[in-house]
There are 2 protein chains.
Amino acid sequence: MYRIGELADLCEVKADTLRFYEKHGLLSPSSRTDSGYRVYTDADAARLRFILRAKAVGFTLSEISELLSIDLDKSNWACADVKGMVDLKLAQVQAKIAELLHFQTSLQSLSDACCGGPRSAEHCSILEALESSTERVRVEHDHGATDCTTTLDKSGN
Amino acid sequence: MYRIGELADLCEVKADTLRFYEKHGLLSPSSRTDSGYRVYTDADAARLRFILRAKAVGFTLSEISELLSIDLDKSNWACADVKGMVDLKLAQVQAKIAELLHFQTSLQSLSDACCGGPRSAEHCSILEALESSTERVRVEHDHGATDCTTTLDKSGN
DNA sequence: ATAAACCTTAGAGCCTACTCCAAGGTCAAG
DNA sequence: CTTGACCTTGGAGTAGGCTCTAAGGTTTAT
């Protein structure tokens, strides 16, 4: 039996977070004291850990809600259903990774094209790349940068 | 000279988005018609393209605001300042990628551990992994899954 | 002249996951 | 019996980027 602050400390979350989870139907304390304090059991703690593990692999709270309700009614669901959720999330994560890798590549080439020196940004190749209506930017400026050409890929949009 | 809808179509954004950018100080039309319609010039269009290119490499609107004000006052900024912003963003993007790769790995091992079959999820290894208080899950169940052991890494939190 | 397509504004709503606040009640120690 | 740490509630605020609505004015084509 834990009070809200105890369970929060135990699982390294804030008490506010537990109230938030309760408000959103993810985790309710099994009972209350006479004075209204929340009382959590070990089963509640286990449920919280389920939530935190699901969060740690990237599920949103509403997806976790779904997973929890499946977990409580396993016999009416198939492995395929659960695996489907995991695979869908996997695909979403991979799509996001792809987008970020795109950002990374573009940022890296912007960074590489810039001398990074202490002098005026009047010919900064990063600003030029962002300004230019063509996607191709010549970088050949006056304070010590090496010559280079960088491409800002429009398809990353 | 463009009306809001024309510029929006030209740059494949919504008119609402342009009004939103205006409200947030990113892009204001150079003038208005007598009846109050927004009128955008080519320079405004160029500024919008700057914004969209910066978005395409991962900058937030408030960062883009900063980039725009640097761009308008280049001589008072150094390349180092601009490159610093790019490198900071790059680091943030890389951190996010690392987190998502973590998610990906965990999700992949959950997926691999699950038979994905049409039968009851009562022994579903994914649910077991999320339930289990240990981080290690034996997967050895009754409907056709191959034996395996999957690890749900707590450090990915 | 009128209908369609466009424009204006202020302001609300959405999504995610908290986080914080105020005003007050409860509990254990000294 | 008071202090301090804990708990309660409802509600607002944050970030980020739109998106939509209502109620009305303007332009353009027929």
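Letters go in sequence order (proteins before strands), and every chain restarts at 1.
Between B:Glu131 and A:Arg49 the shortest side-chain heavy-atom distance does not fall below 4.5 Å.
Computed from coordinates, the B:Met1 CE to C:dC6 P distance equals 21 Å when rounded to whole Å. Atom CG in B:Asp16 sits about 14 Å away from atom P in C:dA10, given to the nearest Å. Atom C1' of nucleotide D:dT26 and atom CZ of B:Arg38 are separated by 14 Å, given to the nearest angstrom. Taking atom CD on B:Glu99 and atom C1' on C:dA17, their separation rounds to 13 Å, with Å as the unit. Look at CG on A:Asp34: it is 11 Å from P on C:dT26, rounded to the nearest Å. Between A:His24 atom NE2 and C:dC15 atom P there is a gap of 11 Å when expressed in whole angstrom units. Atom-to-atom, CZ of A:Arg3 to P of D:dT8 comes out at 9 Å; the value is rounded to the nearest Å. Going from atom NZ of B:Lys14 over to atom P of C:dC6 covers 14 Å, rounded to whole Å.
Across all non-hydrogen atoms, the minimal contact from A:Ile64 to A:Ile51 is CD1-O, 3.6 Å. When every heavy atom of A:Leu68 is checked against every heavy atom of A:Phe50, the shortest pair comes out as CD2-CD2, 3.5 Å. Nearest heavy-atom pair across B:Gly117 and A:Ala78 is O-CB, 3.7 Å.
Checking C:dC18, D:dC7, C:dT8 against the side-chain heavy atoms of B:Ile4 singles out C:dT8 as nearest.
Of the two residues contacting DNA chain D, namely A:Ser35 and B:Thr33, the nearest-nucleotide position lying further toward the 5' end is that of A:Ser35.
On a pure distance criterion of 3.5 Å, a polar donor-acceptor pair joins the side chain of B:Tyr37 and the base of D:dG25.
B:Tyr21 has no side-chain polar atom (N or O) that falls below the 4.0 Å cut-off from OP1 or OP2 of D:dG17. A:Lys55 has a side-chain polar atom (N or O) that falls below the 4.0 Å cut-off from OP1 or OP2 of C:dC18.
Here B:Arg19 lies in heavy-atom contact (under 4.0 Å) with a base.
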List the steps and the verdict of side chain to side chain contact (heavy atoms under 4.5 Å, CB included) for A:Gln94 and A:Lys89. CA-CA 8 Å; A:Gln94 284 167 342; A:Lys89 175 54 57 180; over 6 Å; no

